Structure formats: C-alpha cells, structure tokens
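Heads up: the structure comes next, in structure tokens.
Letters A, B, ... are given to chains in the order of the sequence lines, protein chains preceding strands, and every chain is numbered from 1. Just so it is clear, the model here is predicted, and its values are computed rather than measured.
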There are 2 protein chains.
Amino acid sequence: MAADALSRVFAALADPTRRDIVARLAVGDATVGELAAPYDVTVQAVSKHLRVLEDAGLVSRSREAQRRPVHLEAEVFDLMTKWIERYRRQAEERYRRLDDVLRSLPDDVPPTRPADPPQERNPS
Amino acid sequence: MAADALSRVFAALADPTRRDIVARLAVGDATVGELAAPYDVTVQAVSKHLRVLEDAGLVSRSREAQRRPVHLEAEVFDLMTKWIERYRRQAEERYRRLDDVLRSLPDDVPPTRPADPPQERNPS
DNA sequence: TCCTTCATCAACCAGTTGGTTGAGTAGGAG
DNA sequence: CTCCTACTCAACCAACTGGTTGATGAAGGA
C-alpha cells in the first residue's frame with residue numbers, strides 16, 4: 001500500500017473489524033484484551049489491527065502497568081473529511097452548472113460529451 | 001478484503017492513484033484513455049482501478065461508440081461522511097464530558113482510567 | 001523468588017492486490 | 001471487408017494482508 005497519510009487512514013478503515021474497534025473506542029479508552037474479547041480471533045490479531053490504526057494516527061497506546069490502554073485520536077478524521085468534502089463539493093458544483101446549462105438550452109440539441117475541462121492536476 | 005459497501009469504498013480510496021482519478025472526475029467525465037494518460041502505468045492497470053471504484057459505487061461507466069466515459073457518483077461519499085461524523089461526534093462529546101468532569105473536580109485527584117463504558121455493540 | 005496476566009514479536013501461510021504482457025471484443029473509418 | 005482505436009479479459013507475478021502458533025517481555029501478586 002502507498003505510504004502517504006491519507007492512504008494509511010483509508011486503508012485502516014477499510015476493515016470492518018478495525019471500524020468496529022474505532023466505534024468501540026469512541027465510547028471510551030480500552031485495553032487490548034477488552035477490545036479483543038468480542039471477536040473470535042486471537043489477541044495477537046487484534047494487536048496487529050491496533051498497529052495499523054496507530055500507524056494511520058487514528059489511535060494511540062500508552063502504558064499502565066501491564067496494560068496498554070488504547071485511545072482514539074479523533075483529529076485524523078478531519079484529514080479524511082477535508083478530502084471528501086473537497087471533491088464532493090466540486091462534483092455538486094459541476095452538476096449545478098450542468099443543470100443551468102441544460103435549462104438555458106433550446107429544446108433539442110444534439111447530445112454532447114462534457115467539454116474537456118481545464119487540465120489542472122489535482123493533488124490527491 | 002471484506003465485502004461490505006463501506007469497506008469497499010474505504011479500500012477504493014486507500015490508493016493515491018484512485019483518489020487522483022476521483023479528483024479528476026470531480027472536474028468532469030473522462031474516458032479510460034484520458035484518465036490513464038497522466039500515469040506511467042498501462043491502460044489495463046487504470047481499467048482495473050476503475051473496476052475497483054465501480055464496485056465501490058464511486059464511479060459508473062457508460063458506452064459511447066468505442067469509448068467508455070467514466071462518471072463520478074458523488075452520493076456514495078455520504079455513506080463515508082455519515083460513518084465518520086458519527087464517531088467524530090461521539091469522540092468529541094466524550095471529550096466535552098471529560099472536560100466537564102475535570103473542571104468539577106477538586107484540585108488534585110489521583111489519575112484514573114475512564115470507567116468501563118456500557119458495552120453497547122456498535123454496528124460498523 | 002516463581003507464577004500469572006497482558007501484550008508484543010517472529011515466523012509462517014493462504015488469499016488479495018497492483019502491476020505486467022498478450023489476446024480478444026466492439027465499433028467507427030477507409 | 002480490412003484496419004485502427006478504445007477498451008476489457010486472462011494469466012501470471014511479486015508484494016502485502018489478516019490470520020495463525022509459539023516464544024518473549026514487562027509488571028504485579030504469592
């Protein structure tokens with residue numbers, strides 16, 4: 001998988017078990033054992049999931065005696081939200097403009113492919 | 001990878017090339033060839049990326065002579081946004097409550113782990 | 001000290017992914 | 001019909017993922 005931050009966040013949340021863990025952590029911090037309990041996988045597997053979430057910056061782990069309480073880092077969600085909103089707004093704006101154009105046209109014009117847009121190269 | 005809709009969407013966007021394609025499509029529809037041009041991978045590789053995006057419901061392909069114009073389906077973003085917002089709000093709410101508790105406490109109390117929350121099993 | 005608990009590390013395995021090349025299909029243009 | 005363009009399908013490959021088992025580390029309780 002690609003190494004950039006956004007890719008790591010999306011990849012981390014592409015697994016339902018990891019999304020479930022995030023959901024659980026939104027309610028409150030928990031230890032690895034507590035997080036593993038609901039699933040029929042080993043605690044090692046859950047530990048691996050937590051490592052993926054931690055690498056994505058979604059979660060942090062501290063130490064408290066033998067336990068490693070896991071904490072949700074909600075700020076990273078903003079990264080995603082920003083990316084999503086940018087392109088959603090662009091797309092919606094485009095539809096709005098298309099609607100305007102269609103409304104302003106005479107009744108039967110030949111069907112066209114949308115004109116090649118200005119080739120600005122967008123950052124991912 | 002898990003087969004559920006949300007997993008497919010997140011997984012599709014976990015690749016920077018695919019996010020780039022989405023960004024390009026937010027500006028306007030495009031053919032496979034047009035989408036492939038900026039990258040130094042084969043058109044087949046881009047076709048595969050488009051299949052992943054299509055399976056996730058992020059993109060649709062029609063037919064127009066030999067060309068297969070690709071169109072961004074912006075509605076699917078809502079699925080993600082809803083998921084994200086739910087847990088972001090929960091996490092923020094939790095912090096707010098924690099702040100309230102901390103403010104209401106006498107000056108030096110021993111550090112505690114947040115009490116085990118009610119074990120409601122959240123959907124992913 | 002030894003034992004138990006909580007969690008990680010290491011090695012391994014099967015399945016998936018992102019890429020390739022090569023062949024095939026669909027539809028206009030000559 | 002033949003050729004060219006635009007694209008997909010199929011097979012293959014190396015790298016990565018999500019899981020396992022077994023060993024190890026770190027800290028508290030006897």
**Study point:** Whether B/Trp83 and B/Phe10 hold their rings parallel, tilted or perpendicular, with breakpoints at 30° and 60°
**Key:** perpendicular
**Study point:** Straight-line distance of B/Arg86 CZ to B/Ile84 CD1, nearest 0.5 Å
**Key:** 11.5 Å
Exercise for review: Using a strict cut-off of less than 4.0 Å between a Lys/Arg side-chain nitrogen and an Asp/Glu carboxylate oxygen, indicate whether B/Arg19 and A/Asp4 qualify as a salt bridge.
Suggested key: yes
Exercise for review: Taking only the side-chain nitrogens and oxygens of A/Arg68, find out if one of them lies under 4.0 Å from OP1 or OP2 of D/dA26.
Suggested key: no
Exercise for review: Could you please name the option among D/dC7, D/dT5, C/dG19 that lies closest to any side-chain atom of B/Lys48?
Suggested key: C/dG19
Exercise for review: Look at the side-chain N and O atoms of B/Arg61 and state whether any lies under 4.0 Å from the OP1 or OP2 oxygen of D/dT8.
Suggested key: yes
Study note, to complete from the structure: The nucleotide from C/dA7, C/dA26, C/dG18 with an atom nearest the side chain of A/Thr31 is C/dA7
**Study point:** Pair A/Asp55 + A/Arg51, salt bridge at N-O below 4.0 Å
**Key:** yes
Review point. Got a sec? Which of residues 49-57 of chain B come in under 4.0 Å of DNA chain C, heavy atoms?
Key: B/His49
Practice item. In whole angstrom, give the distance that lies between atom CD of A/Gln44 and atom C1' of C/dC6. Key: 11 Å
Check your understanding: Is the phosphate of D/dT8, meaning OP1 or OP2, less than 4.0 Å from a side-chain N or O of B/Ser47?
Key -> yes
Practice item. Check the distance between D/dG28's C1' and A/Glu64's CD and give it to me in whole angstrom. Key: 13 Å
